[in-house]
Amino acid sequence: MKPSIIPVGDTAVDVVFENKIDPIINSQIRNLQSKLEQEAITGITGFLAAFRTLTVFYNPMQISWPELKSILTKESQHLDSALHTEKTIVHLPVLYGGEFGPDMVNIEKQSKLSSSEIINLHSQPQYLIYMLGFLPGFAYLGGLDERLATPRLANPRLKINPGSVGIAGTQTGMYPIESPGGWQIIGRTPLQLFQPSADDPFYYSAGDYIKFDAITVSEYQAIQHDVEQHQYQIEVEKEK
Amino acid sequence: MGIRIVKAGVLTTVQDAGRLNFQANGFSVSGTMDQQAANLANLLVGNLANQAVLEYSIVGPTLVFTKAIVFAITGAISTSYLNGNEIENNKAYIASKNDRLEIGPMLSGRYGYLAVSGGIQVPPVMQSRSTSLKYHLGGFNGRALVEGDFVNVIEPFIRVPALEDRAIPVESFDQDVTIRVTAGPQSQYFNQDELDQFTSQTFWVSNDTDRMGMRLTGNTIETSGVPEMLSEATVMGQIQVPKNGDPIVLLADRQTSGGYPVIAVVASVDLSKLVQLNPNQSVHFKMISLTESQQLNRQMIAKREQLAAKFDAEANSGVDTRVVARRVARLFK
């Protein structure tokens with residue numbers, strides 16, 4: 001199915017793909033974005049990649065709508081679903097269970113698995129970031145093992161601590177900042193996932209992969225110390 | 001060197017063009033609600049159009065300038081005084097050290113702007129001086145101003161060329177306004193009756209309106225024909241229709257992505273008129289083509305550039321280094 005090109009007001013346009021959550025569609029979106037970025041087209045001011053749309057923001061004083069439309073039509077004709085860019089895998093250390101994972105017991109009940117089996121299943125995949133939204137740095141991840149799917153809490157918490165890692169239905173993800181929410185919290189990362197004063201306030205962007213690495217209490221403390229001293233080096237893997 | 005706040009007014013915040021480069025990371029854009037009014041205020045005092053200004057709502061602040069400075073107020077209309085003498089909107093004034101500016105309650109319109117020569121100085125956070133009230137970041141310590149705050153100004157200058165000519169007529173705010181819109185990305189899913197109803201009926205601005213969005217009430221719009229949507233990017237002025245059928249216009253502090261169908265998007269040229277609406281005012285929407293919308297936007301920008309050029313030309317009587325610097329800066333923009 002060829003994507004359609006639909007204006008969103010007079011300074012943005014959606015390139016719209018098939019209406020489903022699908023890693024192939026997501027990689028086509030990313031390939032389109034990186035093609036357009038490489039061409040460095042005057043007048044395009046930004047991109048927002050979502051599940052099935054690439055929104056292109058533009059300045060109509062610098063590029064006309066017919067001109068932009070023809071570029072987008074041409075570039076979205078033959079989109080490869082293969083990844084031409086390197087795969088970026090961002091490793092997030094997580095202390096599972098205990099005080100930081102108060103809902104682990106709910107996942108155990110739902111999945112009939114032990115907590116160590118749950119930790120193994122949760123920390124094995126490379127989760128694709130389909131898009132960021134809802135909160136700064138909040139990633140919509142794909143790839144949760146079906147056995148871990150668990151409905152949200154019946155009574156949402158008023159406060160979820162930053163760094164909390166949770167499960168909601170078939171989704172998993174982490175809270176970069178404090179927020180209310182109904183996710184089942186199974187662990188916490190000692191990393192600060194949102195650093196507003198840094199040149200790059202976020203460790204990851206849409207199209208990257210997240211890999212959770214299970215750590216112990218003493219590792220958590222050591223990493224937390226390094227984070228506070230601004231000495232922590234995040235592990236980012238590049239795969240061709 | 002700056003501004004001391006004597007009375008805070010309502011929701012007085014530092015804003016600029018917004019945090020444009022982090023929407024894809026899930027961080028709200030923010031920035032001025034009425035960008036046209038803020039741009040105008042900056043041009044009047046000899047700044048670049050997008051420098052940081054103070055935005056206020058409902059009741060303006062009272063403040064004291066701790067150094068001589070040129071200032072202008074634009075946007076919503078209030079009765080304002082400089083040392084007890086009434087002053088006008090859309091006009092540059094010079095204030096001396098310790099002068100007191102009192103901006104009263106808004107008589108019409110909702111958001112007012114104070115620009116000072118040099119621009120408001122706060123440390124940029126994520127490439128912008130805008131205040132994000134939601135995340136307590138940027139602007140002045142991430143919050144609205146309160147009594148006793150001291151706000152810095154970037155090297156204020158006390159002389160702008162042709163001060164008395166730096167004024168433009170104040171446009172009145174109508175009670176019943178028509179806002180031009182283009183078809184939204186999901187308008188195809190609404191049936192023709194719903195679309196006709198959207199552009200023929202009267203909507204009312206609800207009390208539930210803030211910097212994030214404006215809720216409208218009227219006859220509800222049926223969304224049963226719209227398929228379930230996956231979240232996608234939002235834009236300023238998009239009119240989305242949730243299941244209850246009452247449209248919401250998303251504004252400066254909007255969430256970065258949304259999953260409600262967008263029936264129409266406010267034309268850039270009319271955003272200013274829209275955000276200045278107060279609760280209980282009526283509003284109509286008129287559908288125009290994208291070509292027309294962009295044409296109107298171009299005319300608006302051309303008008304602003306003419307104004308900037310006029311102010312600059314008047315400056316040519318004597319060579320002002322600041323004007324030269326500004327021109328050079330523009331070349332590299």
Side-chain angles (χ1 to χ4, degrees), chain A residues 4-14 16-22 25 33 45-61 64-66 69 130-140 176-179 194-207, chain B residues 19-28 123 125-127 132 134-138 142 180-188 227-239 255-259 262 264-269 271 288-298 301-302 305:
Chain A
S4 37
I5 289 154
I6 301 179
V8 188
D10 49 27
T11 59
V13 51
D14 272 354
V16 183
F17 293 73
E18 211 179 327
N19 192 14
K20 59 178 185 180
I21 300 177
D22 179 341
I25 288 172
Q33 178 173 344
T45 56
F47 300 95
L48 197 151
F51 292 106
R52 56 155 329 199
T53 48
L54 178 67
T55 302
V56 179
F57 299 94
Y58 68 103
N59 179 350
M61 299 292 283
S64 75
W65 163 242
K69 190 180 178 183
Y130 280 100
M131 73 175 291
L132 300 167
F134 169 52
L135 295 174
F138 187 90
Y140 290 93
I177 60 171
E178 187 186 303
S179 167
F194 175 43
Q195 308 158 88
S197 49
D199 285 341
D200 190 353
F202 303 95
Y203 286 126
Y204 44 79
S205 43
Chain B
R19 207 159 268 110
L20 299 164
N21 296 332
F22 295 93
Q23 188 176 349
N25 299 97
F27 201 96
S28 297
V125 175
M126 294 162 75
Q127 305 166 21
S132 167
K134 195 171 179 189
Y135 301 122
H136 315 293
L137 271 176
R180 288 164 288 192
V181 297
T182 54
Q186 284 81 38
S187 62
Q188 53 178 312
E228 274 299 309
M229 275 178 64
L230 292 166
S231 284
E232 59 180 74
T234 60
V235 299
M236 176 91 174
Q238 78 174 43
I239 305 173
Q255 60 271 31
T256 56
S257 55
V262 176
V265 183
V266 175
S268 292
V269 69
L271 276 172
I288 60 171
S289 70
L290 180 59
T291 311
E292 187 180 354
S293 178
Q294 293 189 332
Q295 176 66 22
L296 291 164
N297 189 35
R298 244 193 312 278
I301 291 169
E305 280 172 357

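Numbers restart at 1 for each chain; the letters A, B, ... are given by sequence-line order, proteins then strands.
Looking at A:Ala12, only its side chain comes within 4.5 Å of chain B, counting heavy atoms on both sides. Interface remark: B:Gln255 contributes no atoms to any contact with chain A (heavy atom separation under 4.5 Å). Looking at A:Phe57, the atoms closer than 4.5 Å to chain B (heavy atoms on both sides) all sit in the side chain, from C-beta outward. Residue B:Thr234 touches chain A through its backbone alone, counting heavy-atom pairs closer than 4.5 Å. Of the two parts of A:Thr53, only the side chain, counted from C-beta on, holds a non-hydrogen atom closer than 4.5 Å to a non-hydrogen atom of chain B. Looking at A:Leu54, neither its backbone nor its side chain comes within 4.5 Å of chain B, counting heavy atoms on both sides. Residue contact with chain A, scored on non-hydrogen atoms closer than 4.5 Å, involves the side chain of B:Gln188 exclusively. For B:Ala183, the part lying near chain A is the backbone, with the side chain staying farther off; criterion is any non-hydrogen pair under 4.5 Å. Contact annotation for A:Asp14: only side-chain heavy atoms (C-beta onward) come within less than 4.5 Å of a heavy atom of chain B. The contact between A:Phe51 and chain B is made by backbone and side chain atoms together, counting heavy-atom distances below 4.5 Å.
If you tally non-hydrogen atom pairs under 4.5 Å between each of B:Gly184, B:Ser293, B:Ser28 and chain A, the highest count goes to B:Ser293. With chain B as partner, the option from A:Pro201, A:Ala206, A:Ser205 having the largest number of non-hydrogen pairs under 4.5 angstrom is A:Pro201. Contacts with chain A were tallied for B:Val262, B:Val125, B:Thr182, B:Leu290; B:Leu290 has the most, counting heavy-atom pairs under 4.5 Å. The greatest number of non-hydrogen atom pairs below 4.5 Å with chain A, out of B:Ile301, B:Val269, B:Leu20, is found for B:Ile301. Between chain A and the residues B:Ser268, B:Pro123, B:Ser257, the largest count of heavy-atom pairs under 4.5 Å involves B:Ser268. Across A:Pro196, A:Ser64, A:Pro7, the residue that shares the most heavy-atom pairs under 4.5 angstrom with chain B is A:Pro196.
Taking OH from A:Tyr203 and CG from B:Asn25, the interatomic distance works out to 14.0 Å, rounded to the nearest 0.5 Å. B:Gln186 contributes atom CD, which lies 7.5 Å from atom CD1 of A:Ile6 (distance to the nearest 0.5 angstrom). Rounding to the nearest 0.5 Å gives a distance of 11.5 Å between CG of A:Asp199 and CE of B:Met126. Note that CG of A:Asp10 and CZ of B:Arg298 are 10.0 Å apart. Values are rounded to the nearest 0.5 Å.
Residues B:Phe27 and A:Leu132 are not in side-chain contact: their nearest non-hydrogen atoms beyond the backbone lie 4.5 Å or more apart. Side-chain atoms of B:Leu137 and A:Phe194, non-hydrogen and from C-beta on, do get closer than 4.5 Å to each other. Contact annotation: the side chain of B:Leu230 approaches that of A:Ile21 to within less than 4.5 Å [non-hydrogen atoms, C-beta and beyond].
When all heavy atoms of A:Phe134 and B:Thr256 are compared, the pair lying nearest together is N-OG1, 4.2 Å. Taking each heavy atom of A:Ala50 and B:Glu232 in turn, the nearest pair found is CB-CA, 3.9 Å. Residue A:Phe47 comes nearest to B:Ala24 through the heavy atom pair O-CB, 3.5 Å, listed as atom of the first residue, atom of the second, then distance. Looking at every heavy atom in both residues, B:Gln294 comes nearest to A:Pro60 through NE2-CB, 3.7 Å.
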